[in-house]
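What follows is a short report on a single structure.
Both counts, for ligands and for their atoms, begin at 1 and track the order of listing.
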Amino acid sequence: MAMERIDTTAALQALAHAERCAGRRIALVPTMGALHAGHVSLVKIARERADRVWLSIFVNPTQFDDPRDLAAYPRTLEADLAICRDAGVDAVFTPDAAQMYPAGAQTSVEVDELAAPLCGAARPGHFRGVATVVTKLLVAAQPHVAVFGEKDYQQLAVIRRLVRDLLLPVEIVGAPTVREPDGLALSSRNSYLDKSARASALALVESLRAAARAFAQGERRGDALTAEGASSIAAHPEVSVDYFAVVDAVAMQPVVDATPESVGIVAARVGKTRLIDNMVLGQPE
Ligand code: PAJ
């Protein structure tokens, strides 16, 4: 069956209705395009859980706190469509901004405490943009299940929360982070890195490994684990740290006493490129 390309919310909702009436389960994988093996891994997980796999590609303007970042974001639609075809995606949703934000739109979704620290503090308005567009995508596609990466750990926590709080009838599935052989987490933003920045970017995963190693050696104090990670990344003066923290997996608040479920989480700039990564302390990589 040929892959469908849909670019209006009305057409997507009509298709969702038809699939549901036929008794088929729909899985949605929301993305901003510039697809890589991390996105493809979400498609595979979606495939195991549904009869139809839909992937959305929308570079959502409201989640960019910096207009230059939005303008520079990689847009590789033809390559993305080929990747989707190869991965067995049934339909790709490619709306424009007017579809997702009808003229004069003034409604948004805001998650409070969970969206406040870490990336919420570093990027004002970012999670309001994410929460709003994900809610709209879920309403438009009406999936039974939606798959998101643990790579964006706080984003996943925010999405789980809004789905519960707004009573949305969808199951949220988290997927493990896909990494390069040397540990660098795959990211659409890695395409900005030249050779030397690519080498510097390893400082993020190394800081997480340092905290996980200290945890494995018996350290449980949150501040000591945080100091391990922070000093590891501080050894790279070319990397400018936004935050390094050890937080609990649900509330995203710093932990006093770490458990195997606690998460090391880091954001840093390598040159102009902002990268994020995280690691569950009890399950390094
Ligand atoms: P984007 O950055 O394109 O990521 C789309 C999905 O792919 C997210 O769920 C993200 O966590 C996941 N992902 C990214 N890198 C990954 C990796 N290395 N391994 C596994 N999964 C990975 O996240 C967004 O887009 C947007 O904020 C979005 C949710 C689509 C809302 O606009």
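The shortest N or O to N or O distance between His39 and ligand 1 is under 3.5 Å. Between Lys151 and ligand 1, no pair of N/O atoms sits closer than 3.5 Å. In terms of N/O distances under 3.5 Å, ligand 1 is not approached by Ser188. The shortest N/O to N/O separation between Val178 and ligand 1 falls below 3.5 Å.
Of the candidates Leu42, Leu184, Asn190, the one placing a heavy atom closest to atom 12 (C) of ligand 1 is Leu42.
Side-chain polar atoms of Arg5 and Thr94 form a donor-acceptor pair below 3.5 angstrom. Of the N and O atoms on the side chains of Asp96 and Gln99, not one donor lies less than 3.5 Å from an acceptor on the other residue. For the residue pair Glu238/Ser200, the side-chain donor-acceptor check at 3.5 Å is satisfied.
The shortest distance between side-chain heavy atoms of Thr226 and Pro254 does not fall below 4.5 Å. For the pair Leu275/Arg269, no side-chain contact is recorded, criterion being any heavy-atom separation below 4.5 Å from C-beta on.
Using a non-hydrogen distance threshold of 4.0 Å, Glu150 does not register as a contact of ligand 1. Residue Ser56 places every heavy atom at 4.0 Å or more from ligand 1.
With ligand atoms numbered from 1 in the order given, ligand 1 contributes 18 (N), 19 (N), 20 (C) to contacts under 4.0 Å with heavy atoms of Thr177. Counting atoms of ligand 1 from 1 in the listed order, those under 4.0 Å from a heavy atom of Gln63 are 26 (C), 27 (O), 31 (C), 32 (O). Contact atoms of ligand 1 toward Gly149: 8 (C), 9 (O), 10 (C), 11 (O), 12 (C), 21 (N) (distance under 4.0 Å to a heavy atom of the residue). The contact set between ligand 1 and Gln155, taken as ligand atoms under 4.0 Å from a residue heavy atom, comprises 8 (C), 23 (O), 24 (C), 26 (C), 27 (O), 29 (C). Heavy-atom proximity to Val133, at under 4.0 Å, picks out these atoms of ligand 1: 31 (C), 32 (O). The Leu186 neighbourhood of ligand 1 comprises atoms 15 (N), 16 (C), 17 (C), 18 (N), with distances under 4.0 Å to a heavy atom of that residue.
At distances below 3.5 Å, at least one donor-acceptor pair connects side-chain atoms of Asn278 with backbone N or O atoms of Lys151.
Protein heavy atom nearest atom 10 (C) of ligand 1, with residue, atom name and distance: Asp152 OD2, 3.0 Å. Of all protein heavy atoms, the one closest to atom 3 (O) of ligand 1 is Met32 N, 2.9 Å. The shortest contact between atom 5 (C) of ligand 1 and any protein heavy atom is with Pro30 O, 3.4 Å. Counting only heavy atoms of the protein, atom 20 (C) of ligand 1 lies nearest to Pro176 O, 3.5 Å. What sits closest to atom 2 (O) of ligand 1 on the protein, heavy atoms only, is Tyr73 OH, 4.0 Å.
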*Take Glu4 and Trp54 through the side chain to side chain contact (heavy atoms under 4.5 Å, CB included) test and state the conclusion after the steps.*
CA-CA 9 Å; Glu4 280 195 70; Trp54 296 355; over 6 Å; no

*Arg179 and Asp277: salt bridge (Lys or Arg N to Asp or Glu O under 4.0 Å), yes or no, with the steps?*
CA-CA 10 Å; Arg179 298 178 181 280; Asp277 200 355; 2.9 Å; yes

_Check against side chain to side chain contact (heavy atoms under 4.5 Å, CB included), His144 and Arg49_ = CA-CA 9 Å; His144 297 79; Arg49 293 172 176 263; over 6 Å; no

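Counting only residues at least two apart or in different chains, side chain to side chain donor-acceptor pair (under 3.5 Å) contacts with residues 25-47 comprise Arg47-Asp90.
Relative orientation of the Phe58 and Tyr101 rings is tilted, given thresholds of 30° and 60° on the angle between their planes.
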